[in-house]
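What follows is a short report on a single structure.
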Amino acid sequence: MVGPIRVAACHAAPVFLSARATTQKAISFIKTASRNSANLVIFPETYIPAFPVWSAIRAPTQNHALFKRMAEQSVLADGEEVQALQSAALETKTYLSVGISERTRYSSGTLFNSNIFIGPDGRVLNLHRKLMPTFFEKLTWAPGDGHGLKVVETPFGNIGNLICGENTNPLARYSLIAQAEQLHISTWPAAWPTRVADSSSAQDAGGKNYDNVAANRIRAAAHCFEAKAFGVLCSGHLDEQAIETIAAGASDAEHITNILRTSQRGATMFLDPTGASIPGFTVDDATGGQKAVDFLQKEEGILYADLNLSDCVEGKQYHDVVGGYQRHEIFKLTVNRKRQVPIRFNDPPVLSVDKGAQDIDMPSF
């Protein structure tokens, strides 16, 4: 290892449902983080172009236009938005982890909740599709596959990623631990409402809204403790543009606006290999001065931390759940990392016959 890695977790809002504008905003954050000596820059779940929180609080019959926009603004894994991110990574010599809503060429409506990991040479090092959309997310995204269950080897250490609810999946987490993961990235939405009533009404109904901050922290901390790895929780930020767009045209627009404005916000923070919080810091753009901050939640910003991934070793003495603290002859896990596609064509091979300066494709019989 080459020493500590400076991680920049971008607690940011997209330019809601605009892939191009959100990509440009991401590049601005990347350049700022690079000026502050970041080696790894992280963005939240489906930062480009948005997280479809509308599916939690609007009836599906009212969401056709929003889904259409989501499909139009979702990005191809080799499209112009990703190419722009690759150029930014190359220019700034940084690693990038970016949440995207990924569209496909084989369908106009199949989308994946994906995370793309780009190296400082501009190459895409991993593309992970969320294994299973959670709750209302099933109205937007299709289930992913195991192809992206990989850690990325870097000079700083091994880096892995899971998206939101995947951090509840013990087998997915074990798959990364078993690849010697040392830094675990978990990405989250800005808000994740499970009830449309206000707090008092929800309590009267016998329940309360989901405490996503506590749940996210518990899941990420458990993984850090089991993996003996550092953790980064990177959550999105919900701004007024998003709230207005989601509420527009709804039959109960005022109520939806109130729900979104009062919903608990996700938090961005760092954890050590025991699961304990690590204070991060922000950087003043004007002076370059650093300010210690435990987490970011209600305001946009970049939270930084310097992490020495060699510090993951000590805890392995106590519980190495893929090594000396495992019984491999009792438990066996097999992971299918083949990329899933809807169809495979067994077309006959094509022979190329040289006709002077022109090649003519000839089918073989």
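Nothing here was measured: the structure is a model prediction, and the numbers come from that model.
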Inset, instruction - Might you point out which heavy atoms bring Leu149 and Leu176 nearest each other, and give the distance in Å? - result: C-CD2, 4.0 Å

Legend entry - Over 12 foreign heavy atoms within 6.0 Å of CD, Glu300: yes

Legend entry - Over 12 non-hydrogen atoms of neighbours within 6.0 angstrom of NZ in Lys31: no

Inset, instruction - Side-chain contact test, heavy atoms from C-beta onward, threshold under 4.5 Å: evaluate it for Asn63 versus Ser55 and give yes or no. - result: yes

Legend entry - Spacing of OG1 belonging to Thr287 relative to CD belonging to Gln290, to within rounding of 0.5 Å: 10.0 Å

Inset, instruction - Report yes or no: is the cationic atom of Lys228 (NZ for Lys, CZ for Arg) under 6.0 Å from the centre of the six-membered ring of Phe225, at an angle within 45° of the ring normal? - result: yes

Inset, instruction - Kindly indicate, with the supporting measurements, whether the criterion side chain to side chain contact (heavy atoms under 4.5 Å, CB included) is fulfilled by Glu181 and His223. - result: CA-CA 11 Å; Glu181 184 186 41; His223 183 80; 2.7 Å; yes

Legend entry - Rounded distance [0.5 Å steps], CG in Asp311 versus CD in Gln182: 10.5 Å

Inset, instruction - Just say parallel, tilted or perpendicular for the rings of Phe51 and Trp141, cut-offs at 30° and 60°. - result: tilted

Inset, instruction - Calculate, to the nearest 0.5 Å, the distance between atoms CG and CD1 belonging to Leu96 and Ile30 respectively. - result: 4.5 Å

Legend entry - Between Arg20 and Thr23, a side-chain donor and acceptor under 3.5 Å: no

Legend entry - Ring centre gap for Trp192 and Phe136 strictly below 6.0 Å: yes

Inset, instruction - For the pair Lys316 and Glu314, find out whether any cationic side-chain nitrogen is under 4.0 Å from an anionic carboxylate oxygen. - result: no

Inset, instruction - Step by step, work out the side-chain hydrogen bond (donor to acceptor under 3.5 Å, both in side chains) result for Tyr304 and Asn36. - result: CA-CA 9 Å; Tyr304 298 87; Asn36 293 324; 2.9 Å; yes

Inset, instruction - Rounded to the nearest 0.5 Å, what's the gap from CH2 on Trp188 to CG on Asn167? Could you check? - result: 4.5 Å

Inset, instruction - Run the salt-bridge test on Arg173 and Glu226 with the 4.0 Å N-O cut-off and return the result as yes or no. - result: yes

Inset, instruction - Assess whether side-chain hydrogen bond (donor to acceptor under 3.5 Å, both in side chains) is satisfied between Glu166 and His128, documenting all intermediate values. - result: CA-CA 11 Å; Glu166 290 185 312; His128 172 56; 2.9 Å; yes

Inset, instruction - Decide, yes or no, whether a salt bridge links Asp145 with Lys130 under the criterion of side-chain N to carboxylate O below 4.0 Å. - result: no

Inset, instruction - Before giving the answer on side-chain hydrogen bond (donor to acceptor under 3.5 Å, both in side chains), spell out for Arg6 and Ser37 the whole-Å C-alpha distance, their side-chain angles and the decisive distance to 0.1 Å. - result: CA-CA 7 Å; Arg6 175 161 291 185; Ser37 303; 4.6 Å; no

Inset, instruction - Show your reasoning for whether side chain to side chain contact (heavy atoms under 4.5 Å, CB included) applies to Thr22 and Leu17. - result: CA-CA 8 Å; Thr22 303; Leu17 289 174; over 6 Å; no

Legend entry - More than 12 heavy atoms of other groups within 6.0 Å of Gln62 CD: yes

Legend entry - Reported CZ-to-CE distance for the pair Phe156 and Met1, which is rounded to 0.5 angstrom: 11.0 Å

Inset, instruction - Establish, from distance only, whether the side-chain atoms of Ser108 and Arg103 form a donor-acceptor pair under 3.5 Å. - result: no

Legend entry - Intermediate values then yes/no, side chain to side chain contact (heavy atoms under 4.5 Å, CB included), Ser34 and Lys93: CA-CA 8 Å; Ser34 175; Lys93 304 301 180 189; over 6 Å; no

Legend entry - Flag for Asp211-Gln264: side-chain donor and acceptor within less than 3.5 Å: yes

